[in-house]
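Position 1 is the first residue of the sequence, and the numbers go up from there. Side chains are part of it too, since the values below use all heavy atoms of this structure and drop only hydrogens, waters and symmetry mates.
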Amino acid sequence: MKFQTLCTLAVSALFFCSCSGDGKSAFSPVDSIKQADQLKIEAWQTVMDINRLALTERNRDSLAPLLSEHMVIQCPGMGNAHIEGRQNALDAYDQYAGYAKVHEVITSEPLVQLYDGNLCAVVGYHYEFRTETVAEHKPETFIGKDMYFLVREDGRWVAAAQHYSIESTN
């Protein structure tokens with residue numbers, strides 16, 4: 001079962017168990033989850049939100065607050081170059097949106113590790129993007145690995161770095 005599904009089920013189960021027959025909460029769901037586990041769920045959700053906003057919804061205004069001002073992206077085909085800064089990262093996501101329309105993002109094998117007193121997280125996973133080029137309407141599938149480095153800013157996770165690799169395409 002996928003991590004996101006497990007997290008949703010766990011939170012739903014906790015919410016369901018926390019309500020008594022009179023609608024009052026018997027205990028808080030947060031009380032029953034260790035802080036580190038909750039932070040891992042939030043980190044994973046942040047990465048999924050970034051993917052959704054950047055790739056399928058193309059919502060730059062909602063995406064911007066999820067990226068650190070000093071965001072760095074390292075990706076294939078750039079040699080020693082990289083994308084640096086929130087605005088440049090947003091521009092890169094927009095550029096990709098002009099190249100292809102993403103129809104589906106499938107993630108698997110997520111791993112979330114917390115560091116530095118739960119102030120930093122590394123989130124890694126495998127992905128499969130099913131896209132269609134804008135110009136030729138040609139279907140493409142990209143399979144690879146993605147890794148984000150997140151930091152806590154103002155009580156929420158933001159992406160400070162992303163590195164992805166493409167293992168295969170068709």
Side-chain angles (χ1 to χ4, degrees), residues 1-11 33-60 62-131 140-170:
M1 192 176 289
K2 291 185 181 174
F3 181 78
Q4 188 173 16
T5 305
L6 287 173
C7 292
T8 303
L9 291 173
V11 171
I33 301 175
K34 292 187 213 174
Q35 181 185 14
D37 291 341
Q38 183 62 33
L39 290 172
K40 286 181 179 183
I41 292 168
E42 291 172 12
W44 176 249
Q45 189 58 54
T46 297
V47 169
M48 293 299 94
D49 288 346
I50 290 169
N51 283 339
R52 178 179 49 79
L53 293 167
L55 299 173
T56 57
E57 292 182 15
R58 302 176 183 184
N59 187 332
R60 185 182 177 111
S62 296
L63 176 61
L66 299 177
L67 306 179
S68 169
E69 180 181 346
H70 306 288
M71 172 80 172
V72 175
I73 301 175
Q74 184 67 45
C75 52
M78 294 189 66
N80 291 330
H82 55 269
I83 298 164
E84 188 174 349
R86 177 188 298 135
Q87 292 307 314
N88 291 333
L90 290 167
D91 291 344
Y93 288 130
D94 286 347
Q95 185 178 17
Y96 184 76
Y99 167 75
K101 180 177 181 177
V102 177
H103 293 290
E104 185 176 23
V105 178
I106 301 167
T107 59
S108 63
E109 301 181 49
L111 175 65
V112 180
Q113 296 289 339
L114 301 177
Y115 298 94
D116 195 24
N118 297 337
L119 296 176
C120 302
V122 173
V123 179
Y125 59 95
H126 294 260
Y127 68 82
E128 182 176 330
F129 292 166
R130 296 186 182 157
T131 68
E140 294 181 325
T141 299
F142 297 94
I143 298 171
K145 296 177 184 173
D146 203 353
M147 183 170 64
Y148 280 86
F149 178 73
L150 305 177
V151 295
R152 296 288 289 179
E153 289 183 2
D154 300 322
R156 61 186 171 80
W157 290 113
V158 296
Q162 177 189 16
H163 179 274
Y164 67 92
S165 62
I166 299 172
E167 296 174 354
S168 66
T169 61
N170 71 345

Test side-chain contact (heavy atoms from CB on, under 4.5 Å) on T131 and T141 and set out the steps. CA-CA 6 Å; T131 68; T141 299; over 6 Å; no

Lys/Arg N to Asp/Glu carboxylate O, R130 vs E128, below 4.0 Å: yes

Ignoring hydrogens, what is the shortest heavy-atom contact between E153 and S68? Give both atom names and the distance. OE2-OG, 3.8 Å

Going by the salt bridge (charged side-chain N to carboxylate O under 4.0 Å, His left out) test, which pairs reach into residues 105-125, not counting sequence neighbours? none

Does L63 form a side-chain contact (heavy atoms from CB on, under 4.5 Å) with I50? I'd like the steps, not just the answer. CA-CA 6 Å; L63 176 61; I50 290 169; 3.9 Å; yes

For Y93 and I73, what are the C-alpha separation, side-chain angles and deciding distance, and is it a side-chain contact (heavy atoms from CB on, under 4.5 Å)? CA-CA 11 Å; Y93 288 130; I73 301 175; 4.0 Å; yes

With sequence neighbours excluded, what pairs up with E140 under the salt bridge (Lys or Arg N to Asp or Glu O under 4.0 Å) test? none

Starting at CD of E42, measure out to CG of D49 and round the result to the nearest 0.5 Å. 11.0 Å

Salt bridge (Lys or Arg N to Asp or Glu O under 4.0 Å) filter on E57, not counting sequence neighbours, yields R52

Qualifying residues under side chain to side chain contact (heavy atoms under 4.5 Å, CB included), relative to P76, sequence neighbours excluded: Y164, I166

Contacts of K101 that satisfy salt bridge (Lys or Arg N to Asp or Glu O under 4.0 Å) - sequence neighbours left out: none

So, using side-chain hydrogen bond (donor to acceptor under 3.5 Å, both in side chains) as the criterion, who are the partners of N59 when residues are at least two apart? S62

Tightest non-hydrogen contact, residues L114 and A36, listed as CD1-O, 3.4 Å

For T56, which residues count as a side-chain hydrogen bond (donor to acceptor under 3.5 Å, both in side chains) partner, sequence neighbours excluded? none

Working to the nearest 0.5 angstrom, can you tell me the gap between L53 CG and L67 CG? 9.5 Å

Heavy-atom check, side chain of Q74 versus side chain of I83, under 4.5 Å: no

Show the atom names and distances, to 0.1 Å, of all donor-acceptor pairs under 3.5 Å that link a side chain in residues 117-126 to residues at least two apart or in another chain.
unit_1, atom_1, unit_2, atom_2, d
Y125, OH, N51, ND2, 2.9
Y125, OH, D146, OD2, 2.6

What's the separation between atom OG1 in T46 and atom CE in M48, rounded to the nearest 0.5 Å? 10.0 Å

Those residues at least two apart in sequence (or on a different chain) that pass side chain to side chain contact (heavy atoms under 4.5 Å, CB included) with A97 are R58

To the closest 0.5 Å, what do you measure between SG (C75) and CD (Q162)? 8.0 Å

Residues in ring-ring contact (aromatic ring centres under 6.0 Å, His included) with Y127, at least two apart? F129

Between V112 and K40 the two heavy atoms that sit nearest each other are O-CE, 3.4 Å

Smallest heavy-atom separation, P65 atom then V158 atom, equals O-CG1, 3.4 Å

Could you check whether any side-chain N or O of W157 sits under 3.5 Å from a backbone N or O of L66, counting only pairs where one atom can act as donor and the other as acceptor? no

F149 meets the ring-ring contact (aromatic ring centres under 6.0 Å, His included) criterion, sequence neighbours left out, with none

Working to the nearest 0.5 angstrom, can you tell me the gap between W44 CH2 and T107 OG1? 4.0 Å

Taking only residues at least two apart or on different chains, which pairs with a member in residues 80-95 satisfy salt bridge (charged side-chain N to carboxylate O under 4.0 Å, His left out)? R60-D91, R60-D94

